[in-house]
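Below is one structure, written out as structure tokens; the observations come after it.
Reminder, nothing fancy here: chain letters follow the sequence lines and each chain counts from 1.
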Amino acid sequence: MTNTPQDALVELFSQAITQLKSDGVIPADHDVSIMFERTRQKEHGDYATNVALTLAKPAGKNPRVLADLIVAALSTDSQVSKVDIAGPGFINVFLAEDARYKVLDNVFIRGADYGLAAPDSKQKIMVEFVSANPTGPLHVGHGRGAVYGDALARVLTAAGHTVKREYYVNDAGRQMEILATSVWIRYAQIAGNDIPLPSNGYQGDYIQTMAQELFEQHADQFVLSPESLASAQSGLEDEAALDALIKSVKVQLGDESYQLFFRKALDSILADIKDDLAGFGINYDTWYSEQSLFDSGKIQSAVDQLKASGDIYEKGGALWFKSTDYGDEKDRVVVRENGQPTYFASDIAYHFDKISRGFDLAINIWGSDHHGYTPRVKASLQALGVDSEKLKVLLVQFAVLYRGGEKVGMSTRSGQFITLRELREEIGSDAARFFYTQRKSEQHMDFDLDLAKSKSNENPMYYVQYAHARICRIFTTANERGLTIKAPQDTDYTLLNGEHEAALLKQLERFPELILNAAQHYEPHQITYYLRDLATAFHSWYNSSRFLELEEEPRDAMLALCSAVRQVLSNGLGIIGVAAPNSM
RNA sequence: GCGCCCGUAGCUCAACUGGAUAGAGCAACGGCCUUCUAAGCCGUAGGUUACAGGUUCAAGUCCUGUCGGGCGCGCCA
């Protein structure tokens, strides 16, 4: 790893602060942290620190006076050309001319790894995301979490963490039963039975498709008499009637036959989800089955452990977890009166197991509607003796969809939704990823489908990709003209002395620290904004000069800079999972 | 009612996590193609950062309150 310029400056200033401490200007026991920021305006130099402002009070001195003393105590450094004091007491640092060219060598040496921290040098992190119930295809509403989760995983990887992606599959519970029964009813209908699908069953076309396939394989082998089921439905409320219907179908089909429908539904939907996400460039390391938590006894043992520690009590025939002892609003049921564990029971076991697998940090990406759920899960981890700080829940706001200026409603059961696949096929994986990654995850967001689908300059992704394609084109043209171009490292960087070049070099230099910052704050969108800034700096430069018509020396230097910009555009686009096309 | 998230240009969003004159894109207006791709560039206009207080050298950012929007408050998942 190459040290960032900030590191060197912090070192330089630390010595001065130490000096002032021994001189008695600053209290010797005062803990000083020095921060350097890149400046917004070039009149303020390359870097600025507010250290004199933060030390003014403990030192009992006017910030500007203190800044003077700090600057006076600095030893000379060949990398620093000038140090100014400005405003209320900022210390602005101007770097030496040649220091700015260093970044080019870094880019050329590291290549596709430029900006990336040493792999596997930090924490072991699991990112769990999407984890939508396997009761139907993913819809557009899942897109934001999917893209955010994957981009975050990529950012964390780039920052040197070891990252695993996991999808928690809710393959146990009532929704799955409703699904399996819905498939059976559609199957029975195809086989000629006049059994209506209840309105609270799954209505989507994909149910029909699965039923049709089952019918083709098994003909009418699994039909039941409608009369025997009708009785189960009469005189009950909708949900109770549905449960009765499920039970009835289950009993009459027999476990083995019922499982056929269950497995068919689960397997094909899961396969569809996997395929869909893979089409987005999202690939998981593990698909963790909720059912396996039952089968392995992990739920039971987690409950037993909580019982033993006195964190579970009985009330009204149900088992309650005392989450209020750990800061939750109210206690929560883990095992119902009827003996069925709740979804929360699975979650306790799941998160406990997750942390126990040796991750330093487990990140959950949840829809914002689940925010109230976090305290109880953390509470359960604490009760089980796990540091709940190891679980980080990041919330993603739902995107409100618009089509033709109208809000688009979403409902999985009714079968009326835009699938994620549809979105991807219409606007492309790249555009969708870019679009989502433009927004901070916890920010409310409007998703204009018409806009996302339009392949116009209104979509900023093209702006960034175009910069990359343009650079590729320059080299293609140079080649066509038979020009002999020096290797980038062999060119004279000092010829890159214009304002455009300075702006670009600065952007390139910023990339490694940007990745670290984006990772630290779980904000992949920073990469997107950076890429747009870099593309802007490039397009602006491009329009100001025709490189290929210059004298050889400056031409080759400029092409070296082009090459570096192309590399960083490519690296950055890779981190958000968007392609860097050679031509457009 | 209580809790969490949010409120920034006409629209969609940033703002290096408390720093200097709040920035981009789209939309609007005016310029730039005999040229390595105009999916581009240059310029103009657009703001009391919802509102009112507070904290300090410094607040869009932190605290309190008000208003407005979203979500949550099940022996649902």
Side-chain angles (χ1 to χ4, degrees), chain A residues 35 37-41 43-44 48-50 52-54 56-57 62-64 86-90 92 133 135 170 172-176 239 290 315-320 329-330 332-338 340-344 346-347 367-375 395 397-398 400 435 438-440 442-448 451 455-467 469-478 480-481 510 513-514 517-518 520-521 523 525-526 528-530 532-533 535-536 538-549 559 562 583-584:
Chain A
M35 297 272 292
E37 284 190 333
R38 288 179 178 277
T39 56
R40 277 181 207 181
Q41 291 143 350
E43 303 81 62
H44 296 152
T49 181
N50 61 354
L53 292 163
T54 58
K57 189 168 278 182
N62 176 300
R64 290 197 62 118
F90 290 102
N92 295 328
N133 282 349
T135 52
N170 296 118
R174 182 166 177 264
Q175 292 304 321
M176 289 305 296
E239 295 301 321
E290 180 187 4
K315 192 178 96 186
L319 294 182
W320 295 71
E329 287 173 359
K330 53 178 80 166
R332 311 290 177 175
V333 172
V334 286
V335 180
R336 299 182 188 110
E337 200 179 350
N338 65 9
Q340 282 282 316
T342 60
Y343 181 85
F344 179 45
S346 305
D347 260 358
S368 59
D369 56 333
H370 283 68
H371 67 79
Y373 202 75
T374 306
L395 300 175
Q397 290 287 342
F398 286 118
V400 181
F435 205 93
Q438 262 186 294
R439 270 77 173 163
K440 208 171 173 174
E442 71 264 30
Q443 181 69 262
H444 295 275
M445 161 183 185
D446 289 342
F447 196 117
D448 185 335
L451 176 65
K455 287 196 168 178
S456 69
N457 61 347
E458 288 174 8
N459 193 330
M461 173 189 69
Y462 297 112
Y463 183 81
V464 176
Q465 289 188 325
Y466 186 46
R470 261 186 161 172
I471 297 172
C472 292
R473 180 64 202 175
I474 294 168
F475 284 102
T476 304
T477 303
E480 283 166 5
R481 293 187 189 174
R510 199 160 74 87
E513 68 198 54
L514 172 89
N517 198 47
Q520 189 186 340
H521 299 290
E523 291 179 345
H525 76 276
Q526 287 192 25
T528 310
Y529 278 88
Y530 167 81
R532 228 184 43 195
D533 287 346
T536 298
F538 172 74
H539 284 308
S540 183
W541 181 48
Y542 176 92
N543 273 274
S544 71
S545 157
R546 274 153 294 169
F547 315 130
L548 295 182
E549 288 159 26
L559 289 179
C562 282
S583 67
M584 287 173 68

Query raised in the report: Rounding to the closest angstrom, what is the interatomic distance between B/C6 and B/U49 at atom C1'?
Result: 14 Å
Report task. Figure out the CE/P separation between A/M584 and B/C36, and round it to whole Å. Result -> 19 Å
Query raised in the report: A/Q520 CD to B/C16 P: how many Å, rounded?
Result: 13 Å
Requested in this report: For A/G317 and for A/L548, locate the closest nucleotide of RNA chain B by heavy-atom distance; then report the residue assigned to the nucleotide nearer the 5' terminus.
Outcome: A/L548
Query raised in the report: Considering only side-chain heavy atoms of A/E337, which listed nucleotide, B/C75, B/U21, B/C36, is closest?
Result: B/C75
Report summary line: What one should report as the nearest heavy-atom pair of A/Y373 and A/Y343 is OH-CD2, 3.5 Å
**Report entry** Any donor-acceptor N/O pair under 3.5 Å between B/G3 base and A/H371 side chain
**Finding:** yes
Query raised in the report: Taking the same atom, C1', in B/C62 and in B/U21, what whole-Å distance lies between them?
Result: 23 Å
Report task. Decide, yes or no, whether a salt bridge links A/E239 with A/R174 under the criterion of side-chain N to carboxylate O below 4.0 Å. Result -> yes
**Report entry** Spatial distance of atom CG (A/N50) from atom CE (A/M35) [nearest 0.5 Å]
**Finding:** 7.5 Å
Query raised in the report: Which part of the nucleic acid, if any, lies within reach of A/A86 when heavy atoms closer than 4.0 Å are counted: base, sugar-phosphate only, or nothing?
Result: base
Query raised in the report: Can you tell me how far the OG atom of A/S544 sits from the NE2 atom of A/H539, to the nearest 0.5 Å?
Result: 13.0 Å
Requested in this report: Looking at every strand, decide which applies to A/Q41 at a 4.0 Å heavy-atom threshold: base, sugar-phosphate, or nothing.
Outcome: base
**Report entry** B/G74 versus B/U55 - spacing of their P atoms, nearest Å
**Finding:** 40 Å
Report summary line: Closest of B/C41, B/G25, B/G19 to the A/R532 side chain is B/G25
Query raised in the report: Which part of the nucleic acid, if any, lies within contact of A/Y463, taking any heavy atom under 4.0 Å across all strands shown: a base, the sugar-phosphate backbone alone, or nothing?
Result: sugar-phosphate
Requested in this report: For B/C6, decide between syn and anti, treating a glycosidic angle within 90° of 0 as syn.
Outcome: anti
Query - Any side-chain donor near an acceptor of the partner, A/Q175 and A/T135, under 3.5 Å - result: no
Requested in this report: Give the dot-bracket string for RNA chain B, reading 5' to 3', where a pair is Watson-Crick or G-U wobble with both distances under 3.5 Å, ( ) marks pairs inside the strand, [ ] marks pairs crossing earlier ones, | marks a partner on another strand, and . marks unpaired.
Outcome: (((((((..((((.....[...)))).(((((.......))))).....(((((..]....))))))))))))....
Query - B/G10 and B/G72, which share atom name C1', separated by this distance in whole Å - result: 33 Å
Query raised in the report: Mind checking the C1' distance from B/A9 to B/A50? Whole angstroms is fine.
Result: 15 Å
Requested in this report: Scan A/A48 against the nucleic acid and name what it touches under 4.0 Å (heavy atoms): base, sugar-phosphate only, or nothing.
Outcome: base
**Report entry** Between C1' of B/A22 and OH of A/Y529, the distance in whole Å
**Finding:** 14 Å
Query raised in the report: If the P atom of B/A59 is compared with that of B/C5, how far apart are they to the nearest Å?
Result: 23 Å
Query - Pairwise distance CG(A/N170) to CE(A/M176) - rounded to 0.5 angstrom - result: 9.5 Å
Requested in this report: Would you indicate what A/A56 reaches in the nucleic acid, counting non-hydrogen atoms under 4.0 angstrom: base, sugar-phosphate, or nothing?
Outcome: nothing
Query raised in the report: Is there a donor-acceptor contact under 3.5 Å from the side chain of A/R332 to the main chain of A/K330?
Result: yes
Report summary line: A/A535 and A/V464 have their tightest heavy-atom pair at CB-CA, 4.0 Å
Requested in this report: Would you mind classifying the nucleic acid contact of A/D347 as base, sugar-phosphate or nothing, using non-hydrogen atoms under 4.0 angstrom?
Outcome: nothing
Query raised in the report: Do any side-chain nitrogens or oxygens of A/H539 fall under 4.0 Å of OP1 or OP2 in B/A38?
Result: no
Report task. Using the P atom as the reference point in each nucleotide, state the distance between B/C67 and B/U56 in Å, no decimals. Result -> 28 Å
Query - Base versus backbone protein contacts along nucleotides 56-61 of chain B [heavy-atom cut-off under 4.0 Å; B, S, -] - result: SB----
Requested in this report: To the nearest 0.5 Å, tell me how far A/W320 CH2 sits from A/T342 OG1.
Outcome: 10.5 Å
Query raised in the report: What is the ring orientation for A/F538 with A/Y542, classed by angle as parallel under 30°, tilted 30 to 60°, or perpendicular over 60°?
Result: tilted
Query raised in the report: Side-chain N or O of A/S544 less than 4.0 angstrom from OP1 or OP2 on B/C41?
Result: no
Query raised in the report: Planes under 30° and centres closer than 5.5 Å, is that true for A/H370 with the base of B/G72?
Result: no
**Report entry** Straight-line distance of A/F547 CZ to A/W541 CH2, nearest 0.5 Å
**Finding:** 4.0 Å
Requested in this report: To the nearest 0.5 Å, tell me how far A/I471 CD1 sits from A/C562 SG.
Outcome: 5.5 Å
Query raised in the report: Heavy atoms, side chains only, cut-off 4.5 Å: are A/L559 and A/L548 in contact?
Result: yes
Query raised in the report: At under 4.0 Å, does any side-chain N or O of A/R336 touch on OP1 or OP2 of B/A77?
Result: yes
Query raised in the report: Which part of the nucleic acid, if any, lies within contact of A/E523, taking any heavy atom under 4.0 Å across all strands shown: a base, the sugar-phosphate backbone alone, or nothing?
Result: base
Query raised in the report: Can you check the A/R470 CZ to B/C36 P distance for me, whole Å?
Result: 12 Å
Query raised in the report: To the nearest angstrom, how far is A/F475 atom CZ from B/C36 atom P?
Result: 16 Å
Query raised in the report: Taking atom P of B/G18 as reference, at what distance in whole Å does atom CZ of A/F90 sit?
Result: 14 Å
Query raised in the report: Looking only at N and O atoms, is any donor in the side chain of A/D533 or the base of B/A14 less than 3.5 Å from an acceptor on the other one?
Result: no
Query raised in the report: With sugar-phosphate meaning primed atoms plus P, OP1 and OP2, does A/S583 contact a base, only sugar-phosphate, or nothing at under 4.0 Å between heavy atoms?
Result: base
Requested in this report: Output the single nucleotide from B/U17, B/A14, B/C73 whose closest atom is nearest the side chain of A/K330.
Outcome: B/C73
Report summary line: Regarding B/U17, purine or pyrimidine glycosidic angle vs 90° from 0 gives syn
Query raised in the report: Taking for each residue the nucleotide of RNA chain B bearing the nearest heavy atom, is the 5' side occupied by A/G316 or by A/D369?
Result: A/D369
Requested in this report: Mind calculating the distance between CZ (A/R174) and P (B/G74) to the nearest angstrom?
Outcome: 18 Å
**Report entry** Rounded distance in Å - CZ (A/F435) to P (B/G25)
**Finding:** 16 Å
Report task. Describe the nucleic acid contact of A/H521 in one word from base, sugar-phosphate, nothing, applying a heavy-atom distance below 4.0 Å. Result -> base
Requested in this report: Please tell me which of the listed nucleotides, B/G25, B/A20, B/C36, lies nearest to the side chain of A/I474?
Outcome: B/C36
Query - C1'-based separation of B/C29 from B/U48 [nearest Å] - result: 26 Å
